[in-house]
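Small disclaimer: the values here were computed from a predicted structure and weren't measured.
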Amino acid sequence: MVTAAGIAAARAIAAAVPDPELPMVTVADLGILRGVAAEGERLVVTITPTYSGCPALREIAHDLRRRLAASGFTEVDVRTGLAPAWSSDWITAEGRRKLSAAGIAPPRAAPGRSGPVPLTLTTRGGSGGSSPPGLAGTRREAVACPRCGSADTTRTAAFGATACKALFRCESCREPFEYVKAI
């Protein structure tokens, strides 16, 4: 039987696992570590994806199992919890600080919603302006530059290296940066 002290130790180990796509933050910083519990001799760790189909989830589960096994937890079950859905508001203050220090703009507060979260697969906006094709109207979404703090920024792409990020450019310091989307 896994003891309360064992669960606390396992939680500390799990909380320290870095996100493979954003290695400067841990799964605890991102708020995707939902629980660590015992079912008899089995340790059960529950994580939640930031996005449906997040490719990092499999790697996170593997890393959790590997690190916990190295610490003596032989039976580890990593489960995916989908409800409630993850919100960028679950990123801790420390996680936001780490993102910003790495040059990635942390998300603003997620919009208040009741019911299902709408999924937008295309960019919004009208025609005209100097935005790149398909990105008309992107200048309206001001995100503070993590390097110089300027709010004079332009979104250059709706998606970054991962679906949870967008690409921006600061018009003041001219540096490109990624922004973790608020959901």
Side-chain angles (χ1 to χ4, degrees), residues 1-110 113 116-117 119 143-147 157-168 175-183:
M1 177 153 237
V2 181
T3 66
I7 292 172
R11 181 172 242 321
I13 294 163
V17 170
D19 180 271
E21 295 174 337
L22 298 166
M24 74 289 301
V25 292
T26 67
V27 295
D29 291 332
L30 285 176
I32 65 172
L33 178 63
R34 299 297 286 281
V36 178
E39 290 181 1
E41 293 298 316
R42 180 174 295 279
L43 186 68
V44 178
V45 179
T46 305
I47 55 177
T48 295
T50 55
Y51 276 78
S52 179
C54 174
L57 211 58
R58 185 182 327 196
E59 290 304 314
I60 292 168
H62 175 75
D63 202 12
L64 283 164
R65 280 188 213 94
R66 182 182 59 76
R67 289 172 185 244
L68 289 164
S71 296
F73 296 95
T74 55
E75 294 185 50
V76 178
D77 186 13
V78 178
R79 297 180 183 165
T80 302
L82 300 177
W86 178 85
S87 166
S88 53
D89 288 343
W90 294 357
I91 300 174
T92 66
E94 178 66 6
R96 291 170 187 278
R97 186 198 63 72
K98 289 176 181 178
L99 287 168
S100 188
I104 299 171
R108 296 179 288 241
R113 294 188 177 95
V117 175
L119 177 62
V143 171
C145 174
R147 291 181 176 84
F159 297 96
T162 60
C164 61
K165 294 182 284 185
L167 298 177
F168 278 75
E175 289 293 323
F177 65 93
E178 291 181 301
Y179 166 65
V180 176
K181 297 175 187 174
I183 59 167

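Partners of I7 according to the side-chain contact (heavy atoms from CB on, under 4.5 Å) rule, which considers only residues two or more places apart in sequence or in another chain, are V2, V36, A38. With sequence neighbours excluded, no residue forms a side-chain hydrogen bond (donor to acceptor under 3.5 Å, both in side chains) with D89. Applying the side-chain hydrogen bond (donor to acceptor under 3.5 Å, both in side chains) test to E178 and every residue at least two apart in sequence or in another chain returns K165. Remark: K181 engages no residue in a side-chain hydrogen bond (donor to acceptor under 3.5 Å, both in side chains) (not counting sequence neighbours). For R97, the salt bridge (charged side-chain N to carboxylate O under 4.0 Å, His left out) criterion is met by E94, not counting sequence neighbours. Not counting sequence neighbours, A144 has no partner by the side-chain contact (heavy atoms from CB on, under 4.5 Å) test. Partners of P146 under the side-chain contact (heavy atoms from CB on, under 4.5 Å) rule, at least two apart in sequence or in another chain, are S100, A105, F177. The side-chain contact (heavy atoms from CB on, under 4.5 Å) test applied to P84 returns R34, W90, not counting sequence neighbours.
Remark: L99 CG to L22 CG distance equals 6.0 Å, nearest 0.5 Å. From M24, atom CE reaches atom CD1 of I104 across 4.0 Å, with rounding to the nearest 0.5 Å. Separation of atoms CG (D77) and CG (L68) is listed at 11.5 Å; rounding is to 0.5 Å. Atom CD1 of residue I60 and atom CD of residue E21 lie 7.5 Å apart, to the nearest 0.5 angstrom.
The backbone N or O of I183 sits less than 3.5 Å from a side-chain atom of S87, completing a donor-acceptor pair.
The closest side-chain heavy-atom distance from P107 to Y179 is below 4.5 Å. W86 is not listed as a side-chain neighbour of I47, based on a closest heavy-atom distance of 4.5 Å or more. Residues P49 and T80 have side chains in contact (heavy-atom distance under 4.5 Å, counting atoms from C-beta outward).
Sequence neighbours left out, the pairs with a member in residues 54-73 that pass side chain to side chain donor-acceptor pair (under 3.5 Å) are D63-R66, D63-R67.
Taking every heavy atom of both residues into account, V78 and A61 meet most closely at CG1-CB, 3.7 Å. Of all heavy-atom pairs between Y51 and C164, the closest is CE1-CB, 3.0 Å. Scanning all heavy atoms of the two residues, the minimum distance from A166 to A158 falls at CB-O, 3.5 Å.
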When the side chains of residues 25-33 are checked against the rest of the protein, which donor-acceptor pairs come out under 3.5 Å, sequence neighbours left out?
from	atom 1	to	atom 2	distance (Å)
T26	OG1	A15	O	3.1
T26	OG1	A28	N	3.3
T26	OG1	D29	N	3.0
T26	OG1	D29	OD2	3.2
D29	OD2	T26	N	2.9
D29	OD2	K98	NZ	2.7

